[in-house]
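What follows is a set of notes on a single structure, which appears directly below.
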Amino acid sequence: MTPRLLITLDSMRFENTGLHTFGRSLGQELVRQGAGAFDMSAYTYPSQQGALGEQVSHVGHRRYHRWYFPRGGDFDVIHFADQYCRFGPDRVRGRTVMTVHDLNQVHEQPPGSRKLARHLRRMARKIAGVDRVVAISEFVKADILRFFPEARDKISVVHNGADRSFAPAGHQPRFVPPGRFLFAVGMVCPKKNFHVLVPLLCGTDYTLVIAGVIKHEYRQKILDEAARLGVAGQVAITGPVSQHDKDWYYAHCEAFLFPSLAEGFGLPALEAMHHGRPVFLSRLTSLPEVGGDAACYFDHFDPEHMREVFAAGLARFAAGDGAQRARAHAMGFTWEKAALAYLQIYRDCLAG
């Protein structure tokens with residue numbers, strides 16, 4: 001009998017987020033490689049039904065699943081594709097796998113805070129309840145083992161892939177910068193640290209384009225910093241953009257900048273590299289693991305240091321084979337590899 005696999009994709013509810021990209025891209029590749037080996041179902045919001053194709057059955061999200069999941073006994077393997085699913089491993093009876101994308105709270109919340117303690121208690125229950133834990137980077141694995149050493153014998157690392165996609169010929173986004181521009185993408189919130197990029201605009205004609213779901217208090221912080229430095233007209237915060245728009249920005253920007261303070265993987269860095277663009281990252285959390293020697297790094301966020309790194313990085317990129325190295329590096333991260341590793345983890349769970 002073909003084993004029944006359920007993958008939870010309720011975090012795909014919001015498009016143009018890292019979890020949406022993860023669920024769609026990994027899910028589609030699992031369907032392609034696992035056809036015939038697994039009878040696959042996806043747990044989704046109604047708006048995402050059909051996202052993985054007609055071969056996949058769907059289990060619809062319901063609010064009451066937080067307390068009661070009536071189909072908990074219907075599947076042989078349940079893959080919680082992130083740590084946020086509405087129901088947990090205690091609601092199902094099959095073998096269980098959970099992908100942990102980050103423990104960002106341990107980097108964002110003060111040590112000993114009540115909010116951090118609650119988060120760690122919830123994570124401890126989930127990690128204890130699953131048969132296998134997958135971290136999306138060695139950095140995330142190290143974080144998990146620092147706080148949950150009991151996971152040592154059931155944890156592995158599977159790097160995300162990076163989609164290689166391009167906007168159609170002639171496509172233009174709704175907002176087209178008036179000239180040369182720098183690009184950043186991600187939720188517009190404090191951990192993304194976008195406000196430190198504003199001083200790079202001083203004395204230049206660059207526009208800084210920031211795309212992503214907006215947290216309005218942090219948006220105002222960025223705009224206030226731009227006004228203080230006299231570059232208010234050089235900052236554009238677009239809100240969420242389509243995949244085609246994002247690809248257009250990657251392809252046409254002077255550089256991609258990602259000064260994040262807490263990142264489990266940092267997929268946009270690789271997406272920008274697929275377009276052969278110079279990439280500038282913070283040296284924090286997982287970003288050096290993902291960017292490797294194809295990226296440039298801000299060691300700290302002093303404006304003068306950032307200007308020096310930026311100028312030297314652009315010059316080095318232009319003088320050498322920067323675009324070729326960037327593309328070659330990004331090609332090492334594929335969803336084909338990721339899906340192959342997950343399928344083996346499912347088989348190992350069943351065998352165990």
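No experiment lies behind these values; they were computed from the predicted model shown.
Follow the hydrophobic side-chain contacts under 4.5 Å out from L281 and you never reach L208; the two are in separate clusters. Both V77 and I345 belong to a single network of hydrophobic side chains, linked directly or stepwise wherever heavy atoms of I, L, V, M, F, W or Y lie under 4.5 Å apart. Residues M306 and V309 are members of one and the same hydrophobic cluster, defined by side-chain heavy-atom contacts under 4.5 angstrom among Ile, Leu, Val, Met, Phe, Trp and Tyr. Both I237 and L257 belong to a common hydrophobic cluster when Ile, Leu, Val, Met, Phe, Trp and Tyr are linked at side-chain heavy-atom distances under 4.5 angstrom. No path of Ile, Leu, Val, Met, Phe, Trp and Tyr side chains, each step under 4.5 Å between heavy atoms, connects F148 with V157, placing them in separate hydrophobic clusters.
The line from CE of M123 to CZ of R118 is 15.5 Å long, rounded to the nearest 0.5 Å. To the nearest 0.5 angstrom, L19 atom CG is 10.5 Å from T99 atom OG1. Here Q243 contributes atom CD and S165 contributes atom OG; the two are 4.0 Å apart, rounded to the nearest 0.5 Å. Atom CZ of residue R132 and atom CD1 of residue I155 lie 10.0 Å apart, to the nearest 0.5 angstrom. The CG atom of L197 sits 6.5 Å away from atom CD1 of I210, with the distance rounded to the nearest 0.5 Å. With rounding to the nearest 0.5 Å, the separation of CE in M331 from CG in L270 is 12.0 Å.
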Take E263 and K191 through the salt bridge (charged side-chain N to carboxylate O under 4.0 Å, His left out) test and state the conclusion after the steps. CA-CA 9 Å; E263 208 67 42; K191 75 175 182 180; over 6 Å; no
Exercise. Give the C-alpha distance, both sets of side-chain angles, the deciding distance and a yes or no for salt bridge (charged side-chain N to carboxylate O under 4.0 Å, His left out) between R146 and D143.
Key: CA-CA 5 Å; R146 179 156 60 103; D143 264 356; 3.1 Å; yes
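Using a 4.5 Å cut-off on side-chain heavy atoms (C-beta onward), V133 and I144 make contact. Side-chain contact check for I136 versus V158: every heavy-atom pair is 4.5 Å or farther apart. In this structure the side chain of V134 reaches within 4.5 angstrom of the side chain of V97, judged on heavy atoms. Two residues are said to be in side-chain contact when any heavy atoms from C-beta on lie closer than 4.5 Å; W335 and F22 meet this criterion. Between R24 and D163 there is a side-chain heavy-atom pair separated by less than 4.5 Å. Taking 4.5 Å as the limit, every side-chain heavy atom of V188 sits out of range of all side-chain heavy atoms of V213. In this structure, the side chains of R325 and D293 come closer than 4.5 Å at one or more pairs of heavy atoms. Between M40 and S57 there is no side-chain heavy-atom pair separated by less than 4.5 Å.
Taking the six-membered ring where the residue is Trp, the centroids of H275 and F166 are separated by under 6.0 Å. The ring of Y218 has its center closer than 6.0 angstrom to the ring center of H195. Between F280 and F310, the gap from one ring centroid to the other is short of 6.0 Å. Two rings, from F265 and H101, have their centers 6.0 Å or more apart. A ring-centre distance under 6.0 Å is found for F183 and Y250. The aromatic ring centroids of F147 and H119 lie 6.0 Å or more from each other. You'll find the ring centres of Y346 and F38 inside the 6.0 Å limit.
No more than 12 heavy-atom neighbours from other residues, nucleotides or ligands sit within 6.0 angstrom of CD on E217. By the 6.0 Å contact criterion, CZ on R93 is open, its count of non-hydrogen atoms from other residues, nucleotides or ligands being 12 or less. More than 12 heavy atoms of other shown residues, nucleotides or ligands fall within 6.0 angstrom of atom CD in E336. No more than 12 heavy atoms of other residues, nucleotides or ligands lie within 6.0 Å of CD in Q324, so this atom counts as exposed by the packing criterion. At most 12 non-hydrogen atoms from other residues, nucleotides or ligands lie less than 6.0 angstrom from CZ of R62. Under a cut-off of 6.0 angstrom, the local environment of CZ in R164 is sparse, with at most 12 non-hydrogen atoms contributed by other residues, nucleotides or ligands.
In this structure, the side chain of K154 engages the main chain of I127 through a donor-acceptor pair within 3.5 Å. Of the possible donor and acceptor atoms, none in the side chain of Q83 sits under 3.5 Å from a partner among the backbone N and O of V100. For the pair R95 (side chain) and C349 (backbone), a donor-acceptor distance under 3.5 Å is present. Q105 places no side-chain N or O within donor-acceptor distance of the main-chain N or O of L116, the cut-off being under 3.5 Å. A side-chain donor-acceptor contact under 3.5 Å links S137 to the backbone of G264. Although no hydrogens or angles enter the test, the distance criterion places no donor-acceptor pair under 3.5 Å between the side chain of S286 and the main chain of F139. Counting only distance, with no hydrogens or angles, the side chain of T204 and the backbone of L201 share a donor-acceptor pair below 3.5 Å. Of the possible donor and acceptor atoms, one in the side chain of S25 sits under 3.5 Å from a partner among the backbone N and O of T21.
A donor atom on one side chain and an acceptor atom on the other are found under 3.5 Å apart for D245 and H171. Neither side chain, H58 nor Y43, offers a donor N or O lying under 3.5 Å from an acceptor on the other. With no hydrogens or angles considered, no side-chain donor-acceptor pair links T2 and D39 at under 3.5 Å. A side-chain donor-acceptor contact under 3.5 Å links H61 and R86. For the residue pair N193 / S260, no side-chain donor-acceptor distance below 3.5 Å is found, with atom types taken as modelled.
Remark: of the listed residues M273, H159, H274, H159 is the sole one forming a side chain to side chain contact (heavy atoms under 4.5 Å, CB included) with F333.
Between R180 and D205 there is a salt bridge, since at least one side-chain N of the basic residue sits less than 4.0 Å from a carboxylate O of the acidic one. The residues D76 and R4 are annotated as salt-bridged, a charged nitrogen and a carboxylate oxygen being separated by less than 4.0 angstrom. A salt bridge between K246 and E271 is present, with a side-chain N of the basic residue lying under 4.0 Å from a carboxylate O of the acidic one. Between R125 and D90 there is no salt bridge, since none of the side-chain N atoms of the basic residue sits less than 4.0 Å from a carboxylate O of the acidic one.
Taking all atoms of both residues into account, the shortest heavy-atom contact from A226 to V198 is CA-CG1, 3.6 Å. Taking both residues in full, the closest heavy atoms of L261 and P190 are given as CD1-O, 4.0 Å, listed atom of the first, atom of the second, then distance. Closest heavy-atom contact between P268 and F256: CB-CZ, 3.5 Å. P199 approaches P303 most closely through the heavy-atom pair CB-CB, 3.9 Å. In terms of heavy atoms, G186 sits closest to F194 at O-CE1, 3.9 Å. Across D131 and T96, no two heavy atoms sit closer than the pair OD2-N, 2.8 Å.
With Y45 as the aromatic partner, R13 meets the cation-pi criteria of under 6.0 angstrom to the ring centre and within 45 degrees of the ring axis. Cation-pi contact between R91 and F69: absent, since separation from the ring centre below 6.0 Å together with deviation from the ring axis within 45° is not met.
Ring-plane geometry between H252 and W248 is classed as parallel, the angle between the planes falling under 30 degrees on a 0 to 90 degree scale with a further cut at 60. Between H305 and F298, the ring planes lie perpendicular to each other; the angle is over 60°, past the 30° to 60° tilted range.
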